[in-house]
Amino acid sequence: MSSKLNDNDNKIKKIVILFFFILFLIIILITSVYFTVNNERDLPSLESSKKELSVRGEIISADNFKITSSKKIYKASIDSRYLDKNKKELFIKLFSIYSNIPYEKIEEKINESFLKPGYLVLSYNIDSRTAKNLKELGFKLRKLGVFKARKVDGGRILRGLSIVESGEKRVYSYEDTLTPVVGYIRKYESENGKTKVKGIKGLEKKFNDLLNSSKDGVLSGNRDVLSYISFNKDSTIKKRIDGANLVLNIPLKLQKNNESILDRYKEKLGAEEIIVSIMDSKTGKILSLASSNRFNPERIYQKDIPSLNVNAIEYQYEPGSVIKPVSIALVMDKGRVKDNELFFAYNTKGKPNKKGEYPKARYKLDRFFIKDDHRFKKHYLTLDDIFIFSSNIGTLQLAQRLTGPEFFEGMKRFGFTRKTGIDLPYEKKGVMPKVWQFAANDKEKEDNVFKATVSYGQGMTSTFMQIMKAYSVFNNGGKTVTPRIVSHIELDNEKFKKDVLEGERIIKKSTADEIKRLLIKTVQKGTGRAAQIDGLEIGGKTGTAQVAEGGKYVRKYISSFFGFVNDGESSYTIGVTVVDPISRGKYWYYHYAAWSAVPVFKETINNLVKLNYLTPKKDIISKN
């Protein structure tokens, strides 16, 4: 009996000891949980956030081709401390194949990094498709054991190939097309370390803020066990908004065809540059603004520097005889020309030649003699003669009928010494004598040398686009238009268009119609005869201006032809300027506008016909 009691006591003791042991363990567990819960811990965040990089807006042609756009670029990097040296060659070979970066280039970077192991950027310029492939490569490399885990702060960390967004790259799909108008960009690093771009010239500069008006997308929410973001009502989803798109009035095909014409004629004429523009005479829409001097904005070389400026608005020059229609229009608009009036030609000194033509006229003005290039068979000229055969002497006589302030204000009203308002940066205004200079001798009613020289395009400077705007007045009933390259802006799927104000009246409609008649007659019978095309109403004026350098005129010329073409439905103002064509040797005559600018003008019109912007009609009869 005593033995049984002892056995029971032992069992009880064991049970009590086991109970207290278990209780002790429970207390330790509870204490551990308590301190774990209440102490700060370095736990992985239960929330995750991801940014989606936005990019600069696109520039799109009128026929919906992307002239320029931005693409995301990615950064590929590794930490060389985690790269297994025994599998270095395997990594280099695979990365080179997937990234299309030369093996030697990658090998050199990695070998240098092994000298001082750590973070290594293999490339900042990975495109999106390659980035996707490299991300897949990253998973494969881990499986192949190319990267080894390392002990860090008591734990083990494995870092492999990292592919992250690093910024954007500007892409010019058609290389030099529409340059220098489209402009170029420069890269910079944003506050968050991403590569961004900003416009330096052209449309890229003018609309830089709008093109860059972008917002990155944000995705944030709770992480699941695989570290993916799972979305619920508390999650944040902000859609990425890229910069505004510019949609142009310029169709790509028309622009490229015009550039092809200029390339051929630049070589033929040996010109420094040729500029062409087509503008809708009623609206100011620019359908083409082309130069023979272009560059690829993605790869600008030293030789491209002279081509970076938009010379249609930045190059100021003496325009020559293309100004005569403007001067004559100012006089006519004031009613200072009588019907059927005759003007003395100042060509009585000397006998006529076998053709019955008198010597070229000479007009003494102050201490200078003004000359005419055309020889006439008569001593008195009509207004039509002066206009069609581009008489300097006839034009200056007409200009003297205006007071200095009338002439000055008239030229300004036509847009000279004022910006045209075209949507491009760095536009120049040109220069002209002051009003008091034009007004000298007004009281004495004597000739004024400033009015005389400016009336035929010397002693002043203008830009190509100023002349374009002035000539649109003659094909738009006396009203001006503002040249516009951009049609509208697209931002976040909405279209925004600038209000088009009604054109300012510059001269009476009757005056504009009379100048238009004279311009048509100049093409029919004068220096623009080579521009004629059956079934189209075409008018224009030639100008061959000598270039002044260092205060003296040199043997260098700028030849121009400005005018218009109409088919009864569409009406376009067209300008051609040829800078420094051949003026010596066998083809010395190429410096005359009739041999240089006029043929380019005609081919430009043929291009419009070919692409169905114009339709020649049998019932169109030009006014005589």
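What's counted below: heavy atoms across the whole structure, side chains too, no hydrogens, waters or symmetry copies.
Annotation: F562 is in aromatic contact with F464 [ring centroid separation under 6.0 Å].
Listed by chain and residue number, E314 satisfy the salt bridge (charged side-chain N to carboxylate O under 4.0 Å, His left out) test with K201 (two or more places apart in sequence, or in another chain). Applying the ring pair (Phe, Tyr, Trp, His ring centres under 6.0 Å) rule to Y184 yields no partners; only residues at least two apart in sequence or on another chain are considered. With sequence neighbours left out, K88 forms a salt bridge (charged side-chain N to carboxylate O under 4.0 Å, His left out) with no residue at all. Every residue was checked against the ring pair (Phe, Tyr, Trp, His ring centres under 6.0 Å) condition with Y572, not counting sequence neighbours, and none meets it.
Each of Y590, Y587, F601, Y589 was compared with W595 under the ring-ring contact (aromatic ring centres under 6.0 Å, His included) criterion, and only Y589 meets it.
The nearest pair of heavy atoms linking N212 to V197 is ND2-O, 2.9 Å. Across all non-hydrogen atoms, the minimal contact from E273 to S291 is OE2-OG, 2.6 Å. In terms of heavy-atom proximity, E165 sits nearest to K72 at OE2-NZ, 3.0 Å. The two atoms that bring G430 and Q316 nearest to each other are N-OE1, 2.8 Å, heavy atoms only. When all heavy atoms of I250 and Q255 are compared, the closest pair comes out as CG2-OE1, 3.7 Å. Looking at every heavy atom in both residues, F95 comes nearest to A76 through CZ-CB, 3.8 Å.
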**Request:** For the pair Y592 and S559, evaluate side-chain contact (heavy atoms from CB on, under 4.5 Å) and give the outcome as yes or no after the intermediate values.
**Result:** CA-CA 6 Å; Y592 285 116; S559 304; 5.9 Å; no

**Request:** Give the intermediate values and the outcome of side-chain contact (heavy atoms from CB on, under 4.5 Å) for residues T283 and R484.
**Result:** CA-CA 8 Å; T283 65; R484 285 277 173 249; over 6 Å; no

**Message:** Show, in sequence, the C-alpha distance, side-chain angles and deciding distance for H591 and T544, and conclude whether the side-chain contact (heavy atoms from CB on, under 4.5 Å) test is met.
**Reply:** CA-CA 7 Å; H591 76 278; T544 302; 4.1 Å; yes

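In this structure the side chain of L424 reaches within 4.5 angstrom of the side chain of L203, judged on heavy atoms. Looking at heavy atoms from C-beta onward, F496 lies in side-chain contact with L491 at the 4.5 angstrom threshold. K602 has its side chain out of reach of V598: every pair of non-hydrogen atoms, C-beta onward, lies at least 4.5 Å apart. The side-chain heavy atoms of P180 and L308, taken from C-beta on, include no pair separated by under 4.5 Å. Side-chain contact between I467 and F416 is present, with at least one heavy-atom pair separated by less than 4.5 Å. In this structure the side chain of E569 never reaches within 4.5 angstrom of the side chain of T615, judged on heavy atoms. A heavy-atom distance below 4.5 Å is found between the side chains of E204 and T68.
The closest side-chain donor-acceptor pair between K66 and S173, if any, does not fall under 3.5 angstrom. Looking only at atom types and distance, the side chain of S281 has no donor-acceptor partner in the side chain of S472 under 3.5 Å away. Using modelled atom types and a 3.5 Å distance limit, the side chains of T130 and S99 yield no donor-acceptor pair. K140 and Y98 share a side-chain donor-acceptor pair at under 3.5 Å.
Sorted by first and then second residue, the ring pair (Phe, Tyr, Trp, His ring centres under 6.0 Å) pairs with a member in residues 284-322 read Y315-Y317; sequence neighbours excluded. Among residue pairs with one or both ends in residues 274-297, those qualifying as salt bridge (Lys or Arg N to Asp or Glu O under 4.0 Å) are D176-R294, E259-R294, D263-R294; sequence neighbours excluded.
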